[in-house]
Amino acid sequence: MSEVVFEGQVALVTGASRGIGAAIALSLASHGLKVIGTATTEDGAARIGQALSVFPGCSGKLLNVNNAAAAQALIDTIIKEHGGLQILVNNAGITRDNLALRMKDEEWDAVLDTNLKAVFRLSRAVMRPMMKQRYGRIISITSVVGASGNAGQANYAAAKAGVAGLTRALARELGSRNITVNCVAPGFIETDMTASLPEEQRKTLLSQIPLGHLGQASDVADAVVYLASPQASYVTGQELHVNGGMLMP
């Protein structure tokens with residue numbers, strides 16, 4: 001693939017304070033985009049803001065994606081300050097794991113609200129400005145669990161599968177306005193949580209992955225950069241699995 005080139009584009013990345021979200025925000029910024037990375041706490045916003053500060057025009061912002069008014073206000077501010085918003089990356093997400101038999105309504109609602117409803121709300125909020133500029137990229141982070149299922153994660157799996165379906169529907173609605181809508185489904189990625197797994201459990205996990213190792217946050221970020229780029233202008237309605245071959249849908 002030729003070198004990815006972004007010319008003065010602006011990206012909003014939710015849930016960018018750590019892990020995959022931070023990798024996405026920093027990778028996009030390193031390719032010349034003006035990136036606004038959000039976090040749900042002041043400390044998180046300051047952390048990603050500091051990391052992004054080496055790149056011109058980038059910043060960290062406080063945002064609860066479940067606050068519709070705050071989300072709309074942030075998008076309005078970005079457009080006012082930067083003259084547009086070309087890329088939205090819906091990465092913010094939570095887990096409330098429990099076996100379905102024991103899962104409380106509150107655990108179900110919290111995950112569906114943050115991982116699915118907020119994705120729709122933010123995507124809807126950027127549609128009008130993207131349609132007006134006749135250009136846009138909406139990219140959401142799903143999960144291998146949304147396609148494979150996982151015991152104890154009925155709420156999470158349902159939300160991520162819902163995002164994949166939402167992606168396909170929006171791709172059909174927005175394609176005529178030169179707006180692509182895609183999602184990236186990470187498999188098991190090297191994180192603090194996976195690093196602390198018992199050795200036996202880690203071996204069992206690795207045995208399910210043909211490539212024989214866990215992924216890096218940068219692997220997911222690279223997939224997002226591609227889907228955000230002009231080189232992916234003919235790719236829409238797709239779920240790109242980044243899982244080392246663990247699941248081959």
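Worth knowing before you read on, the calculation uses all heavy atoms, side chains too, and leaves out hydrogens, waters and symmetry mates.
Side chains of Val10 and Ile78 form a contact here, defined as non-hydrogen atoms less than 4.5 Å apart. Side chains of Phe55 and Val35 form no contact here, defined as non-hydrogen atoms less than 4.5 Å apart. Residues Asp219 and Ile189 fail the side-chain proximity criterion, which asks for heavy atoms closer than 4.5 Å. You'll find the side chain of Tyr156 reaches within 4.5 Å of the side chain of Asn115, heavy atoms only. No side-chain heavy atom of Thr38 sits under 4.5 Å from any side-chain heavy atom of Val13. Between Asp97 and Asn150, every side-chain heavy-atom pair lies at or beyond the 4.5 Å cut-off. Looking at Pro186 and Ile20, their side chains come closer than 4.5 Å, going by heavy atoms from C-beta outward. Residues Leu33 and Gln9 are in side-chain contact: their nearest non-hydrogen atoms beyond the backbone lie under 4.5 Å apart.
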Exercise for review: Could you please spell out the steps behind the side chain to side chain donor-acceptor pair (under 3.5 Å) verdict for Gln153 and Thr95?
Suggested key: CA-CA 8 Å; Gln153 291 193 308; Thr95 57; 5.6 Å; no
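Put simply, CG on Leu166 and OG on Ser140 are 6.5 Å apart, with the number rounded to the nearest 0.5 Å. The line from CG of Leu205 to NE2 of His213 is 12.5 Å long, rounded to the nearest 0.5 Å.
No donor-acceptor distance shorter than 3.5 angstrom exists from the side chain of Asp113 to the backbone of Lys117, with no hydrogens or angles considered. Side-chain atoms of Gln238 come within 3.5 Å of backbone N or O of Thr236 as a donor-acceptor pair. A distance-only check finds a donor-acceptor pair linking the side chain of Thr41 to the backbone of Gly44 [under 3.5 Å]. Distance alone, capped at 3.5 Å, is enough to place a donor-acceptor pair between the Gln133 side chain and the Tyr135 backbone. Side-chain N or O atoms of Lys160 include none that pairs as donor or acceptor with a backbone N or O of Leu116 at under 3.5 Å. Looking at Asn155, its side chain does come within 3.5 Å of a backbone N or O of Arg96 through a donor-acceptor pair. A donor-acceptor pair is defined here as one N or O able to donate and one able to accept, closer than 3.5 Å; such a pair exists between the side chain of Arg121 and the backbone of Val65. With hydrogens and angles ignored, the 3.5 Å screen pairs a side-chain donor or acceptor of Arg134 with a backbone N or O of Ser176. Under the 3.5 Å distance criterion, the side-chain polar atoms of Thr14 are left unmatched by any main-chain donor or acceptor of Asn90.
A pairwise comparison of heavy atoms in Thr180 and Ala232 identifies CG2-O, 4.4 Å as the closest pair. Between Ala125 and Pro129, the closest heavy-atom pair is O-CD, 3.7 Å.
For the residue pair Asn182 / Thr167, no side-chain donor-acceptor distance below 3.5 Å is found, with atom types taken as modelled.
At most 12 heavy atoms of other shown residues, nucleotides or ligands fall within 6.0 angstrom of atom CZ in Arg18.
We find that Glu7 and Lys34 are not joined by a salt bridge, their nearest charged nitrogen and carboxylate oxygen being 4.0 Å or further apart.
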